[in-house]
Amino acid sequence: MAKKGRVFSGIRPTGRAHLGNYLGAIQNYVALQDEYECIYCIVDLHALTTVEDTINLRQNTYEMALDLLAAGIRPEETILFVQSHVPQVTELHTILSMVTPLGKLTDLPTFKEKVRQNPNNVNYGLVGYPVLMSADIALYKTDVVPVGIDQAPHLEFARETVRSFNYRYNTNVLKEAAMKTTEVPKVLGIDGKEKMSKSLDNHIEIAATPEETLQRVMMMVTDPQRIRRQDPGNPDVCNVFSLHKIFTPKEDVEMINVECRRAGIGCVDCKKRFAANLNKALEPFRTRRAELASQPDRVMAILEDGARRARAIAEETMKEVRAAVQLP
Ligand code: TYM
């Protein structure tokens, strides 16, 4: 079947994937394979912008490959590779940096947030993070980028960067990509307040054991107004309830909705049910992941093959880019 176009997305190997990555992005990575030619990249260079101690970088990159493959990435059709294995991206990053006003980078909300989180490590690479991301997307002449809503400013930035490049060099070799989100573009963390993220330690790893999952779920913050068991709760403001809607059978969701409001079910019971449903939903993924983990050579071969295929596309684009810029 003819494919509709090309999909590209990247994910940082800062640890194993969490429920936010899964519901916000990975589910779309998998679904889009049916209709698009897909390229997925484990962005180790992006991880370097915030990770100073790289002792776990290789292991985390491998773990992320396991997560993606077990989630349903099909390496026979889809290209799965590690960013630093395709050095053309750093060349395009340098070229794109020349059409990028510095003020635009420092004004980005994503940059300001990173500075707030880690004021002692505001490095040049961190400022240029969105330029490297633009290079990722442009290098593969991407049509669609599946991401969570937190990446919206970066996606808009990438489109503008492509426009600036094409305008400056009077060309149309680079393409503007569209963003695609899932039905849950922003998953909250177990604190029930902030976006789920590893750096805030409010995450639930999808590859966790059932026991670890239960433990994390029991830490989840529910309706803050519901203090005692006998207080009626409001599911509309409860993150556990929003996740029930995804993982729990419909009749049970309705029952919880009614019973929570009249204090018929307590938060402890509600969370235990959620953990059980989440564990059940993730069981096939965890089984596949364990199988893959027993074949590390196969996983490494998939990444090597992905890099080889990605390099071929990247080099084609770079030939056109160098010609447009008139690099001698
Ligand atoms: P990263 O590694 O932070 O996250 C990977 C993907 O997961 C999504 N995501 C979420 N979605 C919903 N709720 C959440 N709590 C949540 N947390 C994470 C992210 O939106 C993302 O889609 N800059 C990117 C990596 C990147 C990239 C690219 C993405 C590098 N180059 C090119 C797309 C295209 C990032 O840090 O994602």
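What you see below is based on every heavy atom in this structure, not just the backbone, and it leaves out hydrogens, waters and symmetry mates. Whatever order the structure lists ligands and atoms in, that order sets their numbers, starting from 1. Just so you know, these numbers come straight off a predicted model, no measurement behind them.
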Please could you name the atoms of ligand 1 that Ile11 approaches to less than 4.0 Å, counting only its heavy atoms? 2 (O), 5 (C)

Polar atom proximity, Ala25 to ligand 1 (N or O, under 3.5 Å): no

Please list, in number order, the atoms of ligand 1 under 4.0 Å from a heavy atom of Lys186. 12 (C), 13 (N)

Give me the atom names and distance for the closest heavy-atom approach of Ala314 to Val86. CB-CG1, 3.7 Å

One finds that the ligand 1 atoms under 4.0 Å from a non-hydrogen atom of Lys195 are 14 (C), 15 (N)

What I want to check is whether the side chains of Glu77 and Gln33 have a donor and an acceptor closer together than 3.5 Å. no

For Val145, the atoms of ligand 1 under 4.0 Å from one of its heavy atoms are 33 (C), 34 (C)

By number and element, which atoms of ligand 1 are closer than 4.0 Å to a non-hydrogen atom of His46? 30 (C), 31 (N)

Please report which non-hydrogen protein atom sits nearest to atom 13 (N) of ligand 1, along with the residue it belongs to and the distance in Å to one decimal place. Val187 N, 2.9 Å

Aromatic plane relationship, His46 with Tyr129 - under 30° parallel, 30 to 60° tilted, over 60° perpendicular: tilted

No-hydrogen, no-angle side-chain donor-acceptor test under 3.5 Å, Asp136 and Gln83: yes

Counting from 1, what ligand 1 atoms have a heavy atom of His18 closer than 4.0 Å? 17 (N)

Among protein heavy atoms, which lies nearest atom 23 (N) of ligand 1, and at what distance? Tyr129 OH, 2.6 Å

Any side-chain donor-acceptor pair under 3.5 Å between Glu211 and Gln215? no

Top protein contact for atom 4 (O) of ligand 1, by heavy-atom distance: Asn21 ND2, 3.4 Å

Of all the non-hydrogen atoms in the protein, which one sits nearest to atom 31 (N) of ligand 1, and at what distance? Asp136 OD2, 2.8 Å

May I ask you to check whether Arg286 and Thr213 show a side-chain donor-acceptor distance below 3.5 Å? yes

Location of contacts on Val147 toward ligand 1, heavy atoms closer than 4.0 Å: both

Measure the spacing between CD1 of Ile204 and CG of Leu214 and express it to the nearest 0.5 Å. 10.0 Å

Under 4.0 Å, counting heavy atoms only: does Ser197 come that close to any atom of ligand 1? no

Asn28-Thr182 side chain donor-acceptor pair, cut-off 3.5 Å: no

Using 30° and 60° as the class boundaries, would you call the ring planes of His203 and His18 parallel, tilted or perpendicular? perpendicular

The reported gap from CG in Asn257 to CD1 in Ile265 (rounded to nearest 0.5 angstrom) is 11.0 Å

I need the atoms of ligand 1 closer than 4.0 Å to a non-hydrogen atom of Gly24, numbered in the order shown. 11 (N), 12 (C)

Once you round to the nearest 0.5 Å, how far does CG of Asp67 lie from CE of Met64? 5.5 Å

Looking at atom 37 (O) of ligand 1, what's its closest protein heavy atom, distance included? Gln151 NE2, 3.9 Å

Examine the proximity of ligand 1 to Leu188 and report which part, side chain or backbone, both or neither, has a heavy atom under 4.0 Å away. neither

Protein contact of atom 12 (C) of ligand 1 - nearest heavy atom, named by residue and atom, plus distance: Pro185 O, 3.2 Å

Less than 4.0 angstrom from a charged side-chain N to a carboxylate O is my criterion; do Asp107 and Lys104 meet it? no

Considering non-hydrogen atoms of the protein only, which is the closest contact for atom 19 (C) of ligand 1, and what is the distance? Asp150 OD1, 3.5 Å

How close does the nearest protein non-hydrogen atom get to atom 10 (C) of ligand 1, and which residue and atom is it? Gly20 O, 3.4 Å

